[in-house]
Each structure stands twice: as C-alpha cells, then as structure tokens.
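A quick write-up on the structure given underneath.
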Amino acid sequence: MKLETMIRSGQIHAGNKLPSIRQLAAANRISRYPVTEAYDHLVSQGLIEPRHGAGFYVACHANGHAHRMGSLEPTKAQEESWQVLRQFNAPGSAPPLSSGFVPEAWRDVDGIAQTIRKISRTDVASLIDYATPLGDNILRTQIARRLANFEVAASSDHILVTHSASQALDLVTRLMLQPGDLVFVEDPGYFNLFGLLKLLGISLVGIPRRRNGPDVDVMQKMLRIHRPKLFFLNTVFHNPTATNVSPDVAFRILGLAHQHDFLIVEDDVFADLQSTPTQRLATLDQLERVIYIGGFSKTLSSSFRLGYVAANTKLISKLVDVKMLTSMGGTKFAESVVASLLKQGTYNRHMETLRQRMGTALCRAVGQLRGSGWDIYEEPRGGMFVWTRIPHIQDSQRIVEHATKFDVHLVPGANHRPNNEVCPWLRFNVGYMGAGRTQAFLESAAALPS
C-alpha cells in the first residue's frame, strides 16, 4: 500500500490531514469501498486516526524518531483481527458474498421476539442476573437431547454453556495449551481460530482438507515429525469448503489420536443445518478423546451469543474454572430465551424452514457459478457455503479487487489458510448471491486474463 509506505517512511508527516474518502476515490477513479477498507486498515495499524467531523489524520507516533524506536510491525492481535474485521466491512448495499452470517431475512425474528416477551414477563430475574457458571440447566438438558440425535450419550453434566462457540474454543485453548505448544489445524480452515492460536503463541501445522475430510496420509507424515496436543477440525459443512468428514476418515483420525496421544476438538457449529445427521467423531469416541463444540449464533441469532462445549465431566469441571476466571457467569436472559425456543419446538421449526431456504439458494448458486465458468471444489450437500475458484486465476486477491468494480464485497481465500498463503479459492455465502449485480460480476471475473 503506497499510502502506508509514505506514512511509515515519513513522506507524510505526523499530524497531516489525509484526503477524504470521497476525494481519494474520485482522484483514483475507484469506488469508495477500497478507500474505506484501506483507511480502516491504517487505523487498525495505528498509523492514522479518525477525528469526529474533521476527517483522518496521520497519527502522532506513525513516523519519525518515536516510531522508529518501537516496532514497525503491527501487533499480532492487529494482524489477526483484521482478517475477522473484513467480514463486517461490506460498505452500504454491497452484497457480502464472503460473509459467514445467515441473512437477516432468513432468521425467525418473530419467534425470537415472541419468546423474549414471554421470558420478560415470566422470568424477571433473567433480566438482571448472571447465569450459573455451567449454564442454564434446562438449556444444557436440551443440548444433551440434541447430541442424542448424533448418538452421543451425554447428560447435562457433560455440557458447559459458553457465550459463543468462539468462547468455547478460547476456553479450550486457554486450559489445554501454553505458548510454544503445537497443534494441527485444517488447511483451509477457520481464520478466527488461527488468529486466536497465534495470539496465544501456539504453533500451527496445516493438514490439507480434502473432499472427504482431512488428508490422513499427510497427517501421518506430520505425526512422524510433530507431537500435536490438539487437532481442530470441522466435521460437517466444513468452513470454508462445505465438505463432510467420511466415516472411514473419522475412524483413521481417532486411531491416530489414540496412537499419538492427542485430543480432537470437533467444531460442529453448522450441525443443525444438516437435515439427516451423519456420524461425528464424538459419536465414535463418546467424548473420551473428543471435545465437541456447537452453538446457535450461526442459525438462530448472532445477538444471542450462545455456544457450548461437550466433554468428559473432568474436563468440563476444569473449563468451568477458566470460564469463571475470565468471564464470570453467562447471560441468563439469553440462555433462558434459547432454552425456551428449544423446549417449545420453535427452534426446530425455524431450522426446517432455514434448511429449505438454504437448499434452494444452494442449488441456484451452484448453477450460477458453473454457468459462469467457475469451478466448485465439491458440490455441497447443504449448508450455506460454496468453495469456488476461476480455473486460470492463481491468487483470489485479484478477484477480490475486481469485485469492487461491481460494488461486491469479497475476502481472499488466503484468509482461510493458517499462514495466509496464496490461494485461488473463495468462500461464497449462498444467502447473498441473489443480488442483481452478482451475475455480472461472476461473468466478468471469469473473463479476466491469466
């Protein structure tokens, strides 16, 4: 980025005012979106600062002697959080094709609102009290019943409710890992997890994700070199490839876990998007060596930040201690609302409708992409993602930049790789592919030169 280089080198001095977003976009004959994104990036680096009503200015420490005395590189937290921030940066009406969120129109807003009113009348304490550290007992019982659908024999004692699936991952990493430890992750995989692990000083070894799950042959080779403490993976509707782990791969992974003495963290946040449940690693293992994580943010409401961990009771007891030290109890109101939605069947009815809508959108999206000359990694059997590429483009960053000409928001596939390696693939969310400008973008991008 030329502007960043000019600030760091001192060509633009601390305290100088920068052109407005509108001015810079007009001067370069581009849309305002890439300028907004660039300014957001510079703010996250601490190089510029927004001043309310006055515009953007070069930060006082951005160059000169004071800056040279410190680190020129952004902090690890800034580097990794930037990858997550891109999901939220879709400007104006730009369709967020790479989003990880279900469209608002697909949520059961009426069902949620009705249940909120009921809880507000009948459980006043939930409006002001913490939840117990383990979480609402009715909610944990309902979660245990859902796990029974996967033939996982769990009681409420095996379950800890968390603020989100992300917090569940955080608690597990805090408890079980120390700086310098090594873990296996999927490549490609969940970039927020990668950032969290790096922030804690954990070394990552990527295991390629194939159409039937992690590449077990590569995994075996890596186990001759490394001793991982944990292996993090998605079983169903993998983020971002939308693939599922086959039973034979699951058996082999569990065998390697026993042989080499590591635990498996099974992130199954998309479980409820599957019409007919398939086998999980937790089914085969019954929570002895598998730590199972789920949640409701992806399907019910992102505002009700609720997730959970299912594990053996000894491990749950230790995780409760970490949760209490880092965040006290949970949010009693949110837990009561979600427990009620599950118990009265509202959530199940919503999921039936959501799966139908996603299935229709998925079929349409696959047809759109193939008809426009794009490759699909594996045709999804459900869920909301498609992992796709233009065959002759090796770096999807080119496509991301091209998309801005159509006011379409994308993030590069490199975001989904453990160390941001170049990637030709992109994650598309089928819920946002109905926008009129999307088809024109798809066809134009496919016609880009090699």
Side-chain angles (χ1 to χ4, degrees), residues 99-112 142-154 165 190 209-213 233-250 266-284 290 292-302 304 306-308 310 338 341-370 376-388 427-434:
S99 167
F101 311 123
V102 173
E104 179 183 341
W106 291 10
R107 308 274 192 171
D108 183 17
V109 175
D110 290 340
I112 294 171
Q142 290 296 321
I143 292 170
R145 289 175 180 171
R146 302 189 74 77
L147 291 178
N149 294 331
F150 307 136
E151 298 181 0
V152 177
Y190 180 35
R209 177 75 181 213
R210 305 305 184 198
R211 289 165 175 78
N212 62 348
L233 62 84
N234 279 154
T235 311
V236 171
F237 302 147
H238 170 255
N239 180 10
T241 67
T243 56
N244 299 335
V245 175
S246 64
D248 62 313
V249 169
E266 183 173 20
D267 182 354
D268 201 18
V269 292
F270 302 110
D272 292 338
L273 299 180
Q274 191 177 38
S275 299
T276 303
T278 56
Q279 197 171 62
R280 268 63 174 176
L281 275 82
T283 307
L284 301 172
V290 171
Y292 182 90
I293 290 175
F296 301 99
S297 299
K298 301 291 186 185
T299 52
L300 182 61
S301 168
S302 299
F304 285 111
L306 280 185
Y308 57 90
V338 175
L341 288 166
L342 291 172
K343 188 175 181 180
Q344 65 196 18
T346 304
Y347 180 75
N348 284 342
R349 291 190 292 273
H350 161 61
M351 287 311 306
E352 290 176 6
T353 302
L354 181 59
R355 285 191 290 263
Q356 290 173 2
R357 296 191 74 163
M358 277 190 180
T360 300
L362 187 58
C363 290
R364 182 179 64 240
V366 168
Q368 257 186 298
L369 289 163
R370 285 185 170 152
I376 293 174
Y377 184 74
E378 175 81 349
E379 184 166 341
R381 300 174 187 173
M384 59 181 172
F385 297 136
V386 179
W387 192 232
T388 184
R427 184 185 77 178
F428 279 15
N429 184 325
V430 301
Y432 296 96
M433 291 189 65

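Just so you know, these numbers use all the heavy atoms, side chains as well, and skip hydrogens, waters and symmetry mates. Bear in mind that the values here come from a model prediction, so they are computed numbers and not experimental data. Quick note: residue numbers are just sequence positions, from 1.
The environment of CD in Glu151 is sparse: at most 12 heavy-atom neighbours from other residues, nucleotides or ligands sit within 6.0 Å.
To the nearest 0.5 angstrom, Gln344 atom CD is 9.0 Å from Leu342 atom CG. Between the CZ atom of Arg211 and the OG1 atom of Thr243 there is a distance of 9.0 Å, given to the nearest 0.5 Å. From Glu379, atom CD reaches atom SG of Cys363 across 7.0 Å, with rounding to the nearest 0.5 Å. Remark: Asp268 CG to Leu281 CG distance equals 10.0 Å, nearest 0.5 Å. Distance check: Phe150 CZ to Thr235 OG1 gives 9.5 Å after rounding to the nearest 0.5 Å. Taking CE of Met433 as the start and CE of Met384 as the end, the distance is 14.5 Å to the nearest 0.5 Å.
In this structure, the side chains of Val366 and Pro380 come closer than 4.5 Å at one or more pairs of heavy atoms. Between Arg209 and Val245, the closest side-chain pair of non-hydrogen atoms falls below 4.5 Å. Using a 4.5 Å cut-off on side-chain heavy atoms (C-beta onward), Val430 and Arg364 make no contact.
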Atom pairs and distances, side-chain donor-acceptor, residues 352-359, under 3.5 Å, sequence neighbours left out:
unit_1 : atom_1 : unit_2 : atom_2 : d
Thr353 : OG1    : Arg349 : O      : 3.4
Arg355 : NH1    : Asp272 : O      : 2.6
Arg357 : NH1    : Ala105 : O      : 3.2

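With sequence neighbours excluded, no residue satisfies ring pair (Phe, Tyr, Trp, His ring centres under 6.0 Å) with Phe237. Scored by the ring pair (Phe, Tyr, Trp, His ring centres under 6.0 Å) test, Tyr347 finds Phe296 as partners (sequence neighbours excluded). In this structure, the ring pair (Phe, Tyr, Trp, His ring centres under 6.0 Å) partners of Phe270, at least two apart in sequence or on a different chain, are Phe385. Every residue was checked against the side-chain hydrogen bond (donor to acceptor under 3.5 Å, both in side chains) condition with Gln142, not counting sequence neighbours, and none meets it. Applying the side-chain contact (heavy atoms from CB on, under 4.5 Å) criterion to Asp248, with sequence neighbours excluded, gives Ser246.
In plain terms, the two heavy atoms of Asn239 and Asn234 that are nearest each other are N-OD1, 3.1 Å. Between Ser99 and Asn429, the shortest heavy-atom contact is O-ND2, 3.0 Å. Pairing each heavy atom of Trp106 with each of Gly431, the nearest pair is CH2-CA, 3.5 Å. In plain terms, the two heavy atoms of Ser302 and Arg107 that are nearest each other are OG-NH2, 3.1 Å. Here the shortest heavy-atom pairing between Ala250 and Leu284 reads CB-CD1, 3.7 Å. Considering every non-hydrogen atom in both Lys298 and Val102, the closest pair reads O-CG2, 2.8 Å.
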For Arg146 and Asn348, what are the C-alpha separation, side-chain angles and deciding distance, and is it a side-chain contact (heavy atoms from CB on, under 4.5 Å)? CA-CA 11 Å; Arg146 302 189 74 77; Asn348 284 342; 3.1 Å; yes
Does the pair Tyr292 and Leu147 meet the rule for a side-chain contact (heavy atoms from CB on, under 4.5 Å), with working shown? CA-CA 10 Å; Tyr292 182 90; Leu147 291 178; 3.4 Å; yes
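For the pairing with Asn244, the side chain to side chain contact (heavy atoms under 4.5 Å, CB included) check across Gln279, Gln274, Glu378 returns one residue only, Gln274.
Side-chain atoms of Glu266 never come within 3.5 Å of backbone atoms of Arg280 as a donor-acceptor pair (strictly under, hydrogens ignored). Between the side chain of His350 and the main chain of Ile112, no donor-acceptor pair closer than 3.5 Å is present.
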